[in-house]
Every structure is written in structure tokens, then in C-alpha cells.
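Since the model is a prediction, treat every value here as computed from it, not as a measurement.
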Amino acid sequence: MSSCRGQKLAGGLRVASPFPLCQPAGEPSRGKMRSSCVLLTALVALAAYYVYIPLPGSVSDPWKLMLLDATFRGAQQVSNLIHYLGLSHHLLALNFIIVSFGKKSAWSSAQVKVTDTDFDGVEVRVFEGPPKPEEPLKRSVVYIHGGGWALASASTSWSPSDEIRYYDELCTAMAEELNAVIVSIEYRLVPKVYFPEQIHDVVRATKYFLKPEVLQKYMVDPGRICISGDSAGGNLAAALGQQFTQDASLKNKLKLQALIYPVLQALDFNTPSYQQNVNTPILPRYVMVKYWVDYFKGNYDFVQAMIINNHTSLDVEEAAALRARLNWTSLLPASFTKNYKPVVQTTGNARIVQELPQLLDARSAPLIADQAVLQLLPKTYILTCEHDVLRDDGIMYAKRLESAGVEVTLDHFEDGFHGCMIFTSWPTNFSVGIRTRNSYIKWLDQNL
């Protein structure tokens, strides 16, 4: 059957047809449909190619992790483009994107009172859990968020009243389940400030909180306070813990420290976990090394050399004395070392350590602290994940603390990945996220 511009009906009348030309009915629509299907298939294939990365079968919720990683990589690429165009620093742009997707203003519930304030000039968010009738004073956790010393807080860049909901949800859960006061420190971020200013912020805020009159205001028991943090926040918590053991002016001491997949050293980027998880979401080795360089306001030209340990080669005398303190061949169990070999360069680039002496500073790398400092630390909890470049940092620190006589709980998750503990609500809810958070809070409940 053909359709023309008009059809002749009885009586010689001609009726206008919707088809512009005489051609088989439906032919154009079928052609357009085929083109649309081809385009859609191509877009789906490209999206699948971008999203898909090979992952170990043991990792939690692998497809969901791929989508999360693809989202984060996309945000990084957008922020890099913004940086390239000269519109903003890439870390400021990336932080803005992350916070925009998950920001949350202070909001109290029937069980938890949430307040934004400042402690000695450092912004904090205080979560006050419900009191126990039989306990007039509450226990407390000072929590330091992660994010490569540069992300996961809006307090320094955009809005002082917003922080990402993932940490809000974690701190709210801790306050409610522990009947505790949780102090979340909003330290200043890279690129506004660099090492050691982040440490100064958390030390200043925590010292202020430990004042007797402040503890009394929040009804906190001075003998039941823990310092805690995840990732870069775990790094800052560990540094603070070491500094406080040597501060004779502090009347109130920390009872516990709890470190969640902490980053603890920048001397060896070829530990077994760095080699095993070189491209594993959501913290590939290259990204972690760049965070270190950003933290020290260093030169990106150093990144590739640092990845192959050229900054701590045998001819770099400054690193020689510290190498034994992170000798993973003796600090890690065989189940983690497997068949991996140490990467020790005979000759390297001494200029890196000369320009970035912070690499060898125990405040940035708590793992290399003196044994005399470690033995003064309180009871410790360290959570590590199998699919994380930082796994071995935490395990080696646990071993060094045990050797120094500190009581340590090492909580390892075979299906965990870096950052998993904050991903507990839809659409980024992971089973290992819920289990790690529950295990962490359970340990605090039993020990604090």
C-alpha cells in the first residue's frame, strides 16, 4: 500500500495526507527507529566500557562498587577540566561536586541534638546522644573525617553549615547507639592550607574540648574519651594521639584511639597491598600518591618517581634510618605478603626528600614514630580492608604497637574496600559498609 500527498475519494474529492511524499507507509519511522537503536546501543556500550573494571570476586557488591567508582572518576575528570580551564583549583572543584551531591545541614532528631559551633576557632559539629539515667556523664568520641586532607567537608570552601551526609549519618548513629557526645572536627583543607595545618586544627579543637569546663558543659566523662578517624582522618587521629602522649600540660588523657583504614606512611608505595590493589576502587595507588603530593604542596613531577619508590632509594641517606620501621617482610603475616617482593631502588631521586622533608616527619607518617612514643599510646582499634592500598599501613602499625606493649584490636574485612564504612544508606549502601560500621561501634561500646 502506498500513501501520497492526497487520496481521491468518491465524488472526485481529494483529502490531504500527513505523508509528504508518495512512499511506503512507515518506512521513515522504521529507519529512524533503527538509527535510534544503534545510537542507544553505542551509548550503552560506551557507558559499560567506562563503568566496568575487573574486580576480585570477594569484594562486596562489585557492580555497585563499579558504579560508585565511575561516578567518582567522572567527578575527578570534571574537576580536572575546570582546573585546566583556569576556573578553580581541581580539589576545590572536586570537593564542591562531592559536597553538592551529599551535603547536609545541622539537623537534630528526637534522639540526637546536633549543633554547629567552633572550638578555639576550629569549626566542629557536635552530636549529643540521649543520656542514660544511670550515667549522668556521657562518653565521647572526637571524630576526624577522611578525604585525602582535601575533601568531604564544606566548611572551608563553600558553606560553613554543610557537611556530607555520610559522616553526619555515621556520627548520628554513634551518638545514638553509644549514648555519647560525638565531636566531628571540620579542619581546614588543601588547597587552602597544607601540612601541618590540618594537624594544628585537630589538636587545637581537641585540646579545647578536653578543658574541664567544656567537658562539663557537654556532660562528658573526662576518663572516657576516644580519638578516631578514617583514611586521612585516621592519619590525623594517629598523629594527634602520638602528640598528646608527649604533652605534659594535658590533664585529661585519651582512653582509646580507633583508626579506620588509616593512611600512615609515604615512604613505600609498593607494599603488598599497594601492589595488589594498584587500580582498585575507590583509591588507586596513583590517586593516593597525588593526595600526598597535594598535602605537602609538592610538585606533580614527583608522582611517577614516588610510585616506584625512587624517593626512598638506598642512596637517599635521610630515609635509611627509617626503612626498618616499615619493613613489611617482617611486620606482615605471610597471608598478606604472599609472593610479593619489596621494591627497593639502588639509586633514585634524592631531590624529592630534600624538597619534601615532610615525607620523613612522624606527624605525617605516624607509622615511623619512635618506639618510645608508641609505647605510651592508649588501647587501639584498627580496621583494615583487603581491597585497599592502605591495608598494610594499618596492619604494620598494629604490629608495631603490639611490639611496644599496646593492646590492639585488628579488625580485618576480606570483602572490604577503602571508604566502605561510610556507605550504609541507599543508593550507596554496601553490606560490608553496614558490617564495618556495626563492628566499629560495637568495639567502642565495649571498650569506651
Can you tell if the side chain of [X] reaches within under 4.5 Å of the side chain of [Y], non-hydrogen atoms only?
| X | Y | answer |
| --- | --- | --- |
| Ile53 | Arg73 | yes |
| Met396 | Leu367 | yes |
| Arg325 | Gln265 | no |
| Leu256 | Thr380 | no |
| Leu65 | Ile282 | yes |
| Lys253 | Pro378 | no |
| Ser109 | Phe127 | no |
| Glu128 | Val112 | no |

Would you please indicate yes or no on a ring centroid separation below 6.0 angstrom for [Y] and [X]?
| X | Y | answer |
| --- | --- | --- |
| His387 | Phe413 | no |
| Phe417 | Phe430 | yes |
| Phe423 | Tyr166 | yes |

As an exercise, state the distance from [atom1] of [X] to [atom2] of [Y], rounded to the nearest 0.5 Å.
| X | Y | atom1 | atom2 | answer |
| --- | --- | --- | --- | --- |
| Thr424 | Leu170 | OG1 | CG | 7.5 Å |
| Ile144 | Ile185 | CD1 | CD1 | 5.0 Å |
| Tyr381 | Trp443 | OH | CH2 | 8.5 Å |

Quick one: does any side-chain atom of [X] pair with a main-chain N or O of [Y] as donor and acceptor, under 3.5 Å?
| X | Y | answer |
| --- | --- | --- |
| Arg285 | Phe269 | yes |
| Asp118 | Val124 | no |
| Asp120 | Ala205 | no |
| Thr312 | Leu267 | yes |
| His311 | Ala266 | yes |
| Gln275 | Tyr340 | no |
| Asn310 | Met306 | no |
| Asp445 | Ile441 | no |

Heavy atoms from other residues, nucleotides or ligands near [atom1] of [X] exceed 12 (cutoff 6.0 Å):
| X | atom1 | answer |
| --- | --- | --- |
| Gln375 | CD | yes |
| Glu317 | CD | no |
| Glu414 | CD | yes |
| Lys113 | NZ | no |
| Lys341 | NZ | no |
| Tyr84 | OH | no |

For a quick test of reading the model, state the closest non-hydrogen atom pair linking [X] to [Y] and the distance between them.
| X | Y | answer |
| --- | --- | --- |
| Leu359 | Ala365 | O-CB, 4.2 Å |
| Gly146 | Ala152 | O-CB, 3.4 Å |
| Ser88 | Ala93 | OG-N, 4.0 Å |

Exercise for the section: With salt bridge (Lys or Arg N to Asp or Glu O under 4.0 Å) as the test, would you mind laying out the steps for Lys290 and Asp294 before giving the verdict? Expected result: CA-CA 6 Å; Lys290 283 190 66 178; Asp294 281 322; 5.9 Å; no
Practice task
Please step through salt bridge (Lys or Arg N to Asp or Glu O under 4.0 Å) for the pair Asp392 and Lys399, ending with a clear verdict.
Solution key: CA-CA 10 Å; Asp392 296 344; Lys399 181 65 175 180; over 6 Å; no
Exercise for the section: In plain terms, say whether Asp168 and Arg125 are close enough for a salt bridge, that is, a side-chain N and a carboxylate O under 4.0 Å apart. Expected result: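 Salt bridge flag = yes for Arg125 with Asp168.
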Problem - Audit row: Ile199, Leu240, side-chain contact (heavy atoms from CB on, under 4.5 Å) steps and yes/no - result: CA-CA 7 Å; Ile199 298 173; Leu240 181 145; 6.0 Å; no
Practice task
Evaluate the salt bridge (Lys or Arg N to Asp or Glu O under 4.0 Å) criterion for residues Arg204 and Asp201: first the C-alpha distance (whole Å), next the side-chain angles of each, then the deciding distance (0.1 Å), finally the verdict.
Solution key: CA-CA 5 Å; Arg204 192 162 69 249; Asp201 282 359; 3.2 Å; yes
Exercise for the section: Please determine, by modelled atom types, if Asn447 and Lys379 share a side-chain donor-acceptor pair under 3.5 angstrom. Expected result: yes
Handout entry: Mutual orientation of the aromatic rings belonging to Tyr295 and Trp149 [parallel < 30°, tilted 30-60°, perpendicular > 60°]
Key = parallel
Exercise for the section: Classify the ring geometry between Phe119 and Phe209 as parallel (under 30°), tilted (30 to 60°) or perpendicular (over 60°). Expected result: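 Correct class here is parallel.
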Handout entry: Test side-chain contact (heavy atoms from CB on, under 4.5 Å) applied to Trp292 and Ser364, step by step
Key = CA-CA 9 Å; Trp292 275 111; Ser364 74; 4.1 Å; yes
Exercise for the section: Check each of Lys192, Arg188, Lys297 against Glu197 using the salt bridge (Lys or Arg N to Asp or Glu O under 4.0 Å) test, and report the only one that passes. Expected result: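 In the set Lys192, Arg188, Lys297, the residue that makes a salt bridge (Lys or Arg N to Asp or Glu O under 4.0 Å) with Glu197 is Arg188.
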Handout entry: Leu210/Phe244 under side-chain contact (heavy atoms from CB on, under 4.5 Å): CA gap, chis, key distance, verdict
Key = CA-CA 11 Å; Leu210 292 178; Phe244 275 23; 3.7 Å; yes
Practice task
Apply the test ring-ring contact (aromatic ring centres under 6.0 Å, His included) to residues His200 and Phe195: give CA-CA distance (whole Å), side-chain angles for both, the deciding distance (0.1 Å), then the verdict.
Solution key: CA-CA 9 Å; His200 293 165; Phe195 172 89; 8.3 Å; no
Exercise for the section: Go through the steps for Leu444 and Cys226 under the test side-chain contact (heavy atoms from CB on, under 4.5 Å), then give the verdict. Expected result: CA-CA 9 Å; Leu444 289 173; Cys226 170; 3.9 Å; yes
Handout entry: Passing option when Leu236 is tested against Arg363, Gln198, His145 for side-chain contact (heavy atoms from CB on, under 4.5 Å)
Key =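 Among the candidates, only Gln198 passes.
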Practice task
Given salt bridge (Lys or Arg N to Asp or Glu O under 4.0 Å), test Glu407 with Lys255 step by step and report yes or no.
Solution key: CA-CA 12 Å; Glu407 184 178 345; Lys255 182 179 181 181; over 6 Å; no
